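Both backbone and side-chain heavy atoms feed into the values below; hydrogens, waters and symmetry mates do not. Remember, predicted model here, so these are calculated numbers, not experimental data. Convention: sequence-line order gives letters A, B, ...; per-chain numbering from 1.
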Amino acid sequence: MKLELHRLKVNALAWGERTSLVGGRLTIDGEALRSLLAEDSRFRSVALDLALPGDKVRLIPVKDVVEPRCRLDGGPLFPGFVGDVETVDEGETVVLEGAAVVTCGAIVGFQEGIIDMTGPGAEYTPFSKTCNLVVSLEPVEGLEKHDYEAACRLAGFRAAHYLANAVRGVAADSVETVVWPPLSEALSAHPGLPRVAYLYMLQSQGLLHDTYLYGVDVKRILPTLVSPTEVMNGAIVSGNCVSACDKNSTYAHQNNPVIAALLRRHGREINFVGCIVTNENVTLADKKRSSGQAVKLARMLGVEGLLISEEGFGNPDADLIMNCHRAEAAGIRTVLITDEFAGSDGASQSLADATAEATAVVSAGNANARIVLPPMERVIGFPREANVIAGGFEGSLRDDGSIEVEIQAITGATNELGLGRLSAVTV
Amino acid sequence: MVKEIERAGFPVVHMCTIIPISQTVGANRIVPTIAIPHPFGDPTRTPGEEKALRRALVEKGLKALETDIDGQTVFNG
Amino acid sequence: MVRVFCVFSNNPRLAGSKQYRPVSSQEILLAVRDEIHRGSSLVNHPLYGNFRPHQQPYRTLVVEKPSSPGGVDVPSLTLIEKALALYRSYEGRIMTPGILDPSVEADYAYVDGELVRETLRHCHLEELLSEGEDDQKSRSGGHEE
Amino acid sequence: MTYRVVHYINQFFAGIGGEEEAGQRPLLKEGVVGPGQALAAAFGDEAQIVATVICGDGYFAENMDRAAAEVVDLIASCRPDAVVAGPAFNAGRYGTACGAVCQAVKENLGLPTVTAMYPENPGVDLYRSETYIVETTDSARGLRKAVPTMASLALKLLRGETPGLPSEEGTLPQGRRRNLFRDACGAERAADMLVRKLRGEPFETEYPMPVFDRVPPAGALKNLKEATIALVTSGGIVPKGNPDHIEASSASRYGEYDISGVDDLTAAGYGTAHGGYDPTYADGDADRVLPVDVLREMEREGRFAKLHDFFYSTVGNGTPVALAARFGREIAEKLRNAGVDAVILTST
């Protein structure tokens with residue numbers, strides 16, 4: 001399997017007659033895109049805005065963030081959504097690096113997800129550094145929440161695909177090639193280097209807590225092997241809206257930093273042989289089954305090391321700890337990435353579960369730490385939501401427009417794929 | 001609590017129903033008992049039977065206190 | 001062998017279950033803890049959903065009745081005690097149903113129901129789940145005790 | 001401006017005397033006493049030790065609540081900006097007193113506090129979350145090194161600055177998690193950690209799992225026939241009416257109850273305060289949780305010499321580990337003084 005990533009740098013956005021990319025400036029035909037998205041009869045209104053790094057703008061409530069990508073030959077990505085469910089493990093993919101589509105939609109009355117493009121909040125979200133096309137979506141009267149969520153999810157992928165597809169003829173700034181060999185070769189490659197796999201945990205508890213693999217709700221899968229190239233082509237997408245800080249947006253999946261970090265060390269320090277996708281379900285029987293199957297796959301690969309990333313907190317802590325415990329019991333050394341919910345004073349227990357075998361843990365920070373976000377000149381989306389978002393509390397939207405929240409409310413603040421530099425220490 | 005008393009030098013027997021919890025809190029001599037709401041009793045039996053059951057358990061506890069151990073030990077049987 | 005399940009909930013969408021009570025989420029956990037002491041085991045994890053204990057008012061837990069008397073399911077007991085420890089750390093801030101804006105509360109009830117839908121399906125009790133707070137759909141006892 | 005600081009020390013460091021003077025009641029002396037000299041020197045012009053409060057370790061240990069209140073009153077009368085206590089090194093009662101004073105000052109006066117102890121001082125576990133504790137050696141030889149560290153931390157707090165990491169400040173961690181931005185992103189750090197772990201190289205976890213320390217088992221009872229056995233329970237068994245108001249969960253206290261002459265814990269006399277299980281059975285017959293009846297029988301039969309006259313009871317449910325540990329230490333102390341040989345601890 002060979003995937004070429006044709007990267008086109010984007011450092012500015014503007015409205016224009018025709019969607020084009022010249023010298024890093026992406027000009028967008030807003031009317032064409034708006035009418036494309038408005039084809040979905042589930043929306044009462046579709047509004048588009050631009051939010052650039054440094055703008056005095058707040059986006060709220062953010063549902064998903066998607067990086068514009070498409071096939072160089074015009075073929076589809078995001079299998080099961082924008083395109084057919086064809087396997088997307090190879091080919092040539094256009095990437096608009098530095099651009100993002102941000103969808104906003106108030107699906108339930110306590111939704112969260114803040115992106116500040118400047119100020120103290122901007123430091124906590126990776127999406128204050130991207131040039132964002134913001135899509136605000138209102139449902140038609142009486143639309144059922146599942147349908148509204150699905151419609152918002154799809155709109156993000158369609159907008160992202162539209163942007164990349166419209167400029168795919170432009171010469172790439174760089175081309176990155178990822179080659180993923182067949183297992184038989186991979187397992188015997190790089191003798192002397194430790195064999196390593198990635199255990200990729202995905203939120204799958206139910207509405208607003210779901211993730212899709214090739215269009216399949218991952219609560220219905222048994223753990224399976226995927227190639228990094230498929231992940232880069234949108235095989236895994238987010239339907240997860242709650243807990244903005246540690247949900248994996250589709251952007252985070254497309255640019256999975258764990259996969260990137262393991263690929264960088266592949267052939268030099270480790271032999272990276274596989275990505276195992278697993279879920280985080282609600283019933284105990286599902287948890288046991290998935291954990292057992294995921295670790296079984298790692299054992300079948302014969303790996304010595306397993307890097308495990310969690311998504312979410314609380315309930316998934318049980319999956320994380322179970323995965324760690326089972327892998328270590330099978331003689332596989334583990335490193336975990338998680339975030340912490342240690343209370344606003346940092347004095348509470350960070351995780352809902354623990355095991356002595358978890359000796360190597362990377363922390364993406366305490367999501368309960370409080371922050372005051374100063375007022376912005378413009379708020380895109382639905383500002384009233386700040387009062388009921390999970391990381392905020394009643395009265396958190398102050399009269400002057402500032403918001404006091406836990407960083408839990410900030411999109412990507414404690415991303416457990418290790419996207420950011422935030423962490424925590426004991427003092 | 002059990003650990004601190006033992007740290008002070010007393011042999012302690014922890015008699016409780018949920019053995020894994022006793023193991024986690026660091027008890028060394030552990031004797032399993034009957035049920036959470038009635039560790040030393042069984043309300044389905046006659047008072048006489050219940051007391052005999054209790055006495056047998058306490059005997060087990062005393063035996064545990066008389067036994068030298070190297071580490072955490074659960075006194076079954 | 002007939003497996004018998006019991007649904008403990010304070011969510012009006014599950015008002016048809018035998019152990020429905022409009023109490024705080026923490027009291028639901030406590031009731032389930034007592035049930036575990038009596039030998040039942042948990043079917044779903046007590047900490048589902050990406051909310052902390054004080055962030056939403058509802059909790060729905062399904063337990064399976066013991067097939068034979070005696071014994072305590074230690075994994076269930078451990079999970080419920082860990083969950084209760086977390087709830088205790090939010091003591092005084094736990095919401096009781098009925099104190100939030102009704103539309104927000106209805107959303108919480110809705111999502112709570114969706115998050116246990118899969119669990120109920122496992123137990124063939126999905127029909128206990130009504131569509132909305134006003135919906136008094138016909139309910140069947142299924143295998144619920 | 002010059003900040004006003006009160007210094008708390010024990011009778012020994014105040015030069016009053018050793019163990020024979022441990023009953024010294026709290027007293028206030030203007031200006032610097034004993035180790036305060038070095039502290040004042042380290043403060044320079046920025047802060048002044050306006051007074052020293054002295055209390056005997058024995059008095060403090062035996063009258064914790066009263067002593068703390070008396071000390072706080074004396075401190076408050078000096079209108080200080082901060083309080084420094086110790087260093088207590090490895091002296092257990094002194095360390096506990098320093099911690100308790102700092103906690104009481106924080107709660108009642110809202111002032112910043114600094115103390116200093118050896119990591120194994122029991123005062124550390126009890127009060128680390130309430131005050132900054134500078135790490136010292138186990139004896140007063142470490143005074144010279146500890147004092148400048150205490151002074152610089154106290155000055156930082158007085159200036160309203162946020163202290164740095166424990167390793168930077170020379171303090172023992174308080175156990176709170178604080179956010180910071182590291183140099184590399186989480187995924188890179190995780191991949192590096194995995195490489196190190198696989199190579200057997202040292203690495204440092206960013207989140208240490210909560211640990212459970214272990215105590216080696218005490219030696220077995222050599223002669224049961226001559227032994228005094230004590231009963232302790234976390235099952236919440238109390239005399240009817242729960243005279244000490246032990247909480248149903250997250251108990252903040254334990255009870256000590258006289259059972260000399262009691263042959264049976266009857267439903268009329270005893271029940272449970274525990275909120276963690278169905279109380280019907282324990283209320284019906286508390287011997288089901290605390291088997292006094294059969295132990296009394298066995299005592300009469302001469303299986304062992306004596307059932308201790310008191311039993312100790314608390315509710316194990318949700319009680320913080322540090323507090324339960326304190327209960328354990330206090331109960332152990334009482335059992336030792338009473339000549340008890342072994343303990344049966346019952347839990348539900």
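- Taking every heavy atom of both residues into account, A/Leu284 and C/Leu42 meet most closely at CD1-O, 3.4 Å.
- To the nearest 0.5 Å, the span separating OG on A/Ser348 from CZ on C/Arg88 amounts to 13.5 Å.
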Exercise for the section: Take C/Arg52 and A/Asn368 through the side-chain contact (heavy atoms from CB on, under 4.5 Å) test and state the conclusion after the steps. Expected result: CA-CA 10 Å; C/Arg52 279 175 295 142; A/Asn368 300 139; 2.7 Å; yes
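- Around the NZ atom of A/Lys288, the shell of radius 6.0 Å holds no more than 12 heavy atoms that belong to other residues, nucleotides or ligands.
- When heavy atoms are compared at a cutoff of 4.5 Å, A/Asp246 approaches chain C solely by way of its side chain, counted from C-beta outward.
- Both the backbone and the side chain of C/Thr119 come within less than 4.5 Å of a heavy atom of chain A.
- No more than 12 heavy atoms of other residues, nucleotides or ligands shown are found within 6.0 angstrom of NE2 on A/His325.
- When each of A/Lys219, A/Arg220, A/Glu280, A/Gln203 is checked for heavy-atom pairs under 4.5 Å with chain C, A/Arg220 comes out on top.
- Atom CG of residue C/Leu115 and atom CG of residue A/Asn315 lie 9.0 Å apart, to the nearest 0.5 angstrom.
- Interface summary for chain A: among C/Lys82, C/Glu105, C/Gln56, the most heavy-atom pairs under 4.5 angstrom belong to C/Lys82.
- To the nearest 0.5 Å, the span separating CG on C/Asp107 from NZ on A/Lys145 amounts to 3.5 Å.
- For the 3.5 Å distance criterion, the side chains of A/Asp286 and C/His122 qualify, holding a donor opposite an acceptor.
- Contacts of A/Lys287 with chain C are made by side-chain atoms alone, with heavy-atom separations under 4.5 Å and no backbone atom involved.
- At a cut-off of 3.5 Å, with distance as the only test, no side-chain donor of C/Glu114 or A/His209 sits close to an acceptor on the other residue.
- When all heavy atoms of C/Leu47 and A/Ala352 are compared, the pair lying nearest together is CD1-CB, 3.6 Å.
- The two residues C/Tyr110 and A/Leu207 have their closest heavy-atom pair at CE2-CD2, 3.2 Å.
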Problem - Residues C/His45, A/Gln205; criterion side-chain contact (heavy atoms from CB on, under 4.5 Å); working and verdict - result: CA-CA 11 Å; C/His45 192 288; A/Gln205 295 185 52; over 6 Å; no
